[in-house]
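Structure first, commentary second.
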Amino acid sequence: MDYNFKAIETKWQKQWVDSKLYKVDIDKNRPKFYVLDMFPYPSGAGLHVGHPLGYIASDIYSRFKRLNGFNVLHPMGYDAYGLPAEQYAIQTGQHPAITTEKNLERYREQLDKIGFCYDWDREIKTCDPSYYHWTQWAFIQMFNHYYNNVSQKAESIESLVEELKQNGTKNIDSACTEKLELTADEWNAKSEKEQEEILLNYRLAYLADTMVNWCPALGTVLANDEVKEGLSVRGGHPVEQKVMRQWLLRVSAYSERLLNGLDQVDWTDSLKEIQRNWIGKSEGAEMKFKVKDSDIEMDIFTTRADTVFGVTFMVLAPESELTPLLTKPEHKEEVEAYLQETKKRTERERQAEVDKVTGVFTGSYAINPLSGEEIPIWVGDYVLAGYGTGAVMAVPGHDTRDFKFARHFNLPIIQVVVPEGEEATDPATWEDSKDSKAGTMINSDFLNGLSVPEAIAKTKEYIREKKVGDVQVNYRLRDAIFSRQRYWGEPFPVYYKDNMPQMVSESDLPLELPDIDKFLPTEQGEPPLGRAKNWVYKDAYPLELNTMPGFAGSSAYYLRYMDPKNDTALVGKEANEYWQDVDLYIGGTEHATGHLIYSRFWNKFLFDTGHVIKDEPYKKLINQGMIQGRSNFVYRINGTNKFVSLKQKDQYETTAIHVDVNIVSNDVLDIEKFKNWNPEYKDAEFELEDGKYICGWAIEKMSKSMFNVVNPDDIIEDYGADTLRLYEMFLGPLEQSKPWNTNGIDGVHKFLRKTWRLFFDKDNNISISDEKPSKEELKALHKTIKKISDDIEHFSFNTCVSAFMICVNELTDLKCNKREILEGLTSLLAPFAPHIAEELWSKLGHSTSVCDAQWPVFEASHLVESTFSYPVSFNGKMRFKIDMPVDASNSEIEEAVKSHESAQKWLEGKKVRKMIIVPKKIINVVVG
RNA sequence: GCUCGAGUGGUGGAAUUGGUAGACACGCAAGACUUAAAAUCUUGUGUCCAUUAGGACGUGCGGGUUCAAGUCCCGCCUCGAGUACCA
């Protein structure tokens with residue numbers, strides 16, 4: 001019996017738990033290192049082989065850091081609130097808490113088998129009241145703060161109230177829903193309720209009537225990142241726009257800081273780019289256009305202030321407040337009909353029919369503040385109410401959408417920019433607008449002859465001087481809608497008094513989620529919490545019926561891991577000062593515009609209010625790739641029960657049928673298992689090739705319906721956890737998406753067996769020599785120490801596995817069983833294959849865990865060679881090799897090359913023009 | 001449309017700063033051991049030409065820079081991801 005992975009893994013997993021090997025505490029004598037995985041939502045399907053990829057990588061890194069003397073925090077928990085459990089509850093009546101608990105146990109069982117070094121004493125569940133206590137607490141803090149644009153941070157609402165009392169809004173520059181103008185006297189004359197209403201305009205957590213993404217199928221509103229292409233991310237149901245009174249978080253207040261913070265963190269460029277695009281900063285000008293025969297002024301935002309002389313019409317969003325005000329009586333009917341029509345179109349239809357030009361004239365005219373010209377005001381649904389001011393100045397000559405609109409409604413087009421290398425032409429002949437930002441201004445009065453950037457600057461200067469506008473920065477980032485009309489989520493710590501929201505006292509937290517009999521909305525259309533009995537505060541005031549969204553619980557969980565049992569604070573000062581922030585965060589890129597924005601916002605808020613010491617929560621972030629499925633097919637001849645092998649399939653009319661990948665090995669079908677797989681195939685016939693049935697394959701999403709789901713438990717059963725860990729790493733670069741393919745797993749399993757055999761003789765007795773290792777043996781080890789140390793730091797785990805294979809192959813060839821070498825190898829291997837390493841370590845005579853061994857120290861002296869084998873190339877093509885002493889001079893090398901036997905053929909009849917010698921790299925002879 | 005990333009053998013992939021393209025593994029082929037199978041071991045395996053020796057070609061395509069390009073520059077093609085009437 002050789003390498004018995006089952007016995008070894010069971011034994012050590014038990015031993016680790018019993019000895020609390022992975023428990024961590026604050027230890028001021030050692031430097032800290034915090035490695036975090038994005039915690040999973042425990043779905044009913046359990047883990048498939050793709051889920052642990054990132055967990056294995058972070059586990060390796062954690063163990064590596066521990067071996068290097070760091071005190072490593074590596075926790076795990078569950079994002080336990082969520083839609084699937086609730087939907088299951090609606091269908092079956094089963095309480096989501098029960099389903100969740102069941103799924104969670106299954107996850108734990110699967111995770112335990114892989115041998116992770118989590119400190120389970122720090123486990124977090126977002127649905128646990130002792131955890132969501134602090135989610136509710138943070139919400140209260142946000143309600144009690146506003147964002148001061150001058151100090152660039154959150155400040156208490158009391159200080160704002162004080163300012164309003166003293167000076168009104170005069171000196172206030174803050175993030176708000178709407179810019180208000182009030183004197184102190186006006187403020188002081190308001191009733192308490194009116195004042196509360198005004199304060200909602202400033203609070204960081206606020207209640208407002210707002211256009212929301214309403215998903216009728218799910219019966220709830222969704223945040224922007226939960227909607228893609230007009231469909232809900234979960235379930236793919238249509239989403240419509242609707243005005244509702246909802247809780248929001250003023251995330252937009254932090255736009256600039258969220259953007260700037262990206263420069264301080266070590267994330268991939270692509271992820272930073274996704275966030276930058278999502279925040280969507282654009283610098284431009286806000287300009288006021290007076291409306292003819294009216295006191296109304298239209299505010300518009302533009303990034304192309306230079307083209308203001310090319311404006312030939314204005315367009316309002318259908319939802320704009322100005323639309324009804326600017327509609328003249330004789331156009332009223334037409335405009336109202338248009339508004340009705342646009343309202344009926346769903347967001348999805350609107351997006352699908354991007355090319356369809358629609359709009360209607362209001363009858364009003366605006367006056368161009370620069371040229372004084374009168375320009376018609378239209379309504380069109382290509383202008384969005386939610387961006388900028390909900391109104392645009394249309395420059396059909398230089399904007400594609402404006403151009404289409406102008407052509408469709410026969411509005412004038414003026415050229416004001418001549419692109420580089422072109423002449424001015426008649427716009428009537430154009431097929432498209434000229435959107436280029438490089439060119440020279442014409443038809444633009446005082447801007448004529450300037451370049452576009454010069455003209456933008458000059459226009460901005462001009463409008464400021466004349467007070468017709470100002471330089472303005474716009475962000476695409478919206479405030480996060482924070483209410484969900486669901487049951488399975490955190491209750492808001494909010495009650496209503498006189499219809500105004502009030503915060504539950506902090507001493508009454510956590511406000512626990514009540515039990516209800518049915519998980520559906522009430523007959524009156526209230527959220528499910530409307531069914532809860534006694535859902536009132538202090539026996540008098542109704543509590544909020546909405547619950548918080550999924551991202552609430554995941555926004556500050558990394559802080560809670562630092563101090564998970566603290567019942568007086570989210571995180572205690574001592575714990576926060578020791579653990580500080582996450583040094584390495586590993587998770588999927590799908591959280592780029594959701595969780596990773598919200599939790600950065602949440603953290604910055606807590607930083608502003610002095611509850612945490614770091615402005616950015618995640619120092620380094622790595623996105624592991626997605627593991628796709630690799631499906632297998634069998635080919636049935638149509639109308640028969642006969643299957644033909646891959647090669648022959650084109651000779652017949654066949655249908656490809658998905659076959660369970662677990663009964664296929666290296667694309668060879670196990671025919672007996674296939675017959676038993678489905679009664680339909682019991683009597684199937686086969687046409688083989690070379691005695692085997694070869695299946696076809698395709699890369700598809702890993703899903704039950706494609707029969708391509710591979711369960712880690714099965715792999716562990718057949719090969720062991722160490723093989724699974726190594727194989728997942730060996731598959732390719734961590735960050736790359738790739739299909740799961742079990743084909744190569746034999747290779748890494750063989751490697752582990754080969755490693756085992758270095759330590760044991762034929763009879764499986766340990767056989768270690770205490771002799772001094774040879775030069776070759778030392779070289780093999782130290783080469784590997786260097787390679788592994790460097791590659792782990794670069795998260796290049798696949799090349800680590802290769803390096804181990806090379807090392808073990810070399811040591812096997814050298815028949816090495818020297819203690820010094822094998823001990824070094826064992827500690828190097830420990831982060832990757834902890835079970836076998838632990839077993840070998842104990843067999844080597846150690847009584848402590850290999851986790852606390854020393855990371856081997858690389859000594860360059862073992863790699864020093866006296867000669868180097870130079871590749872010799874002629875005109876860039878490698879022809880032969882020549883051994884030279886490393887200290888050989890260039891002239892010695894030149895002589896040796898010229899007189900070398902193999903060189904004669906290449907030198908014959910040619911002149912050596914040059915010889916390039918790169919020390920310890922290459923020799924290139926230029927001949928001709 | 002815009003932004004970002006990637007294209008290397010039959011397959012997964014390696015080549016970290018321009019310096020031997022294809023490490024390591026899978027698969028395949030031949031052989032050893034065995035009654036047989038498994039396991040293990042040995043050898044070969046980019047393509048084409050050549051019995052061999054050897055040679056030509058070769059990192060999506062077309063150019064360029066360089067003694068030297070998978071790697072740098074210019075122009076394209078294909079695939080993937082993100083995002084979108086964002087003014």
Side-chain angles (χ1 to χ4, degrees), chain A residues 2 228-229 268-278 280 282 284 300-304 307 315 350-351 353-357 380-384 386-395 398-402 404-405 435 474-476 589-590 592-593 623 625-626 630 666-668 690 697 727 730-733 735-748 750-751 753-754 757 787 790-791 793-794 796 798-806 809 812 869-881 905 913-918 920-928:
Chain A
D2 53 3
K228 273 196 179 119
E229 291 167 356
T268 59
D269 288 339
S270 72
L271 189 64
K272 287 186 186 182
E273 203 57 32
I274 292 172
Q275 290 215 340
R276 286 196 187 102
N277 290 341
W278 186 257
S282 65
I300 60 95
F301 174 75
T302 180
T303 54
R304 293 294 304 272
T307 60
V315 188
R350 214 169 132 160
Q351 287 186 4
E353 297 163 11
V354 163
D355 290 334
K356 196 168 147 191
V357 179
D381 72 353
Y382 79 90
V383 177
L384 304 177
Y387 185 79
T389 59
V392 301
M393 61 175 215
V395 186
H398 306 285
D399 180 276
T400 313
R401 294 149 303 165
D402 296 344
K404 275 191 200 147
F405 197 87
D435 296 3
N474 237 297
Y475 300 92
R476 211 186 66 107
T589 176
E590 67 271 20
T593 55
N623 295 121
M626 279 245 290
R630 186 179 187 276
N666 282 332
D667 292 336
V668 177
D690 304 328
W697 59 273
Y727 186 57
F730 191 56
L731 224 44
E735 300 184 67
Q736 193 172 300
S737 283
K738 56 227 156 194
W740 177 264
N741 184 348
T742 315
N743 287 356
I745 199 163
D746 280 337
V748 290
K750 265 190 222 165
F751 155 74
R753 286 212 302 261
K754 208 167 172 179
R757 285 201 301 271
K787 176 82 177 152
D790 288 354
D791 284 2
E793 287 295 4
H794 289 104
S796 177
N798 54 329
T799 52
C800 286
V801 181
S802 300
F804 280 126
M805 288 173 170
I806 293 168
N809 287 345
T812 303
S869 178
Y870 277 97
V872 181
S873 55
F874 289 81
N875 290 345
K877 284 205 188 301
M878 212 284 279
R879 296 302 176 181
F880 61 88
K881 282 192 179 180
K905 177 171 169 187
R913 296 192 183 278
K914 213 196 237 179
M915 201 183 292
I916 284 138
I917 297 161
V918 186
K920 292 177 92 174
K921 278 266 163 68
I922 200 169
I923 299 164
N924 189 20
V925 189
V926 187
V927 294

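Numbers restart at 1 for each chain; the letters A, B, ... are given by sequence-line order, proteins then strands.
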Want to settle it: does Lys921(A) or Asp381(A) sit nearer the 5' end of RNA chain B, counting the closest nucleotide to each?
Lys921(A)
Whether Arg753(A) contacts A39(B) is assessed here as follows: a side-chain N or O lying under 4.0 Å from the phosphate OP1 or OP2. Is that the case?
no
Closest to side chain of Asp746(A), choosing from C85(B), C67(B), G27(B):
G27(B)
Roughly how many Å apart are G55(B) and G62(B), using the C1' atom of each and rounding to a whole number?
27 Å
Atom OH of Tyr387(A) and atom P of A87(B): how far apart are they, to the nearest Å?
5 Å
Determine the Euclidean distance between corresponding C1' atoms of A81(B) and C28(B); express it in Å to zero decimal places.
35 Å
Work out how far the C1' atom of U17(B) is from that of G12(B), and round it to whole angstrom.
27 Å
Just the rounded figure in Å: distance from C1' of C86(B) to CG of Asp399(A).
11 Å
For atom P, what is the distance between G5(B) and C86(B), given to the nearest Å?
23 Å
Going by a 90° cut-off around 0, is G9(B) syn or anti?
syn
Do Val395(A) and Arg304(A) pass the side chain to side chain contact (heavy atoms under 4.5 Å, CB included) test, and can you show the C-alpha distance, the side-chain angles, and the key distance before you say yes or no?
CA-CA 9 Å; Val395(A) 186; Arg304(A) 293 294 304 272; over 6 Å; no
Of the listed nucleotides C26(B), G13(B), C85(B), the one nearest the side chain of Lys738(A)
G13(B)
When you measure only distances, ignoring hydrogens and angles, does the side chain of Lys787(A) come within 3.5 Å of the base of U16(B) through a donor and an acceptor?
yes
Does any nucleotide pair with U65(B) by Watson-Crick or G-U wobble geometry, both distances under 3.5 Å, and what is it?
none
Closer than 4.0 Å, any side-chain N/O of Arg476(A) to the OP1 or OP2 of A84(B)?
yes
Distance test, side-chain N/O of Asn798(A) to OP1/OP2 of A14(B), below 4.0 Å:
yes
For Met626(A), look at atom CE and say whether over 12 heavy atoms of other residues, nucleotides or ligands are found less than 6.0 Å away.
no
Please check the phosphate of A68(B) (OP1 and OP2 only) for any side-chain N or O of Arg879(A) closer than 4.0 Å.
no
Where the side chain of Thr799(A) is defined as all heavy atoms beyond and including C-beta, which of A15(B), U20(B), G13(B) is the nearest nucleotide?
A15(B)
When you compare U45(B) with U52(B), how far apart are their P atoms, in angstrom units rounded to a whole number?
13 Å
Value in whole Å for how far the P atom of G5(B) lies from CE of Met626(A)
20 Å
Any side-chain N or O of Gln736(A) under 4.0 Å from OP1/OP2 of G13(B)?
yes
Using the C1' atom as the reference point in each nucleotide, state the distance between U83(B) and C74(B) in Å, no decimals.
28 Å
Check: Lys914(A)/Asn924(A) side-chain N/O donor and acceptor closer than 3.5 Å
no
Any side-chain N or O of Lys356(A) less than 4.0 Å from the OP1 or OP2 oxygen of C85(B)?
no
Is Arg401(A) near enough to C86(B) that one of its side-chain N or O atoms lies under 4.0 angstrom from OP1 or OP2?
yes
Can you see if the side chain of Asn924(A) gets near the phosphate of U66(B) - specifically, an N or O under 4.0 Å from OP1 or OP2?
no
Under 4.0 Å between a side-chain nitrogen and a carboxylate oxygen: does that hold for Asp791(A) and Lys787(A)?
yes
Using whole Å, what does the distance between atom C1' of nucleotide U16(B) and atom NE2 of His794(A) come to?
6 Å
If you check the Lys877(A) side chain, which of C57(B), A87(B), C26(B) turns out closest?
C57(B)
Between CG of Asn809(A) and P of U40(B) the distance, given in whole Å, is 13 Å
Interatomic distance at C1', G7(B) relative to G70(B), whole Å
11 Å
Nearest-nucleotide comparison on RNA chain B, the residue closer to the 5′ end among Asn277(A) and Tyr382(A):
Asn277(A)
Among G19(B), U40(B), A23(B), the nucleotide that comes nearest once only the side chain of Ser802(A) is considered:
A23(B)
Pair Ile923(A), Ile917(A) - check side chain to side chain contact (heavy atoms under 4.5 Å, CB included), show working.
CA-CA 5 Å; Ile923(A) 299 164; Ile917(A) 297 161; 4.3 Å; yes
Figure out the CG/P separation between Asn623(A) and A6(B), and round it to whole Å.
14 Å
Of all the nucleotides listed (A14(B), G12(B), G19(B)), which has the minimum atom distance to the side chain of Phe730(A)?
G12(B)
Distance between C1' atoms of U42(B) and U51(B) (Å, rounded)
25 Å
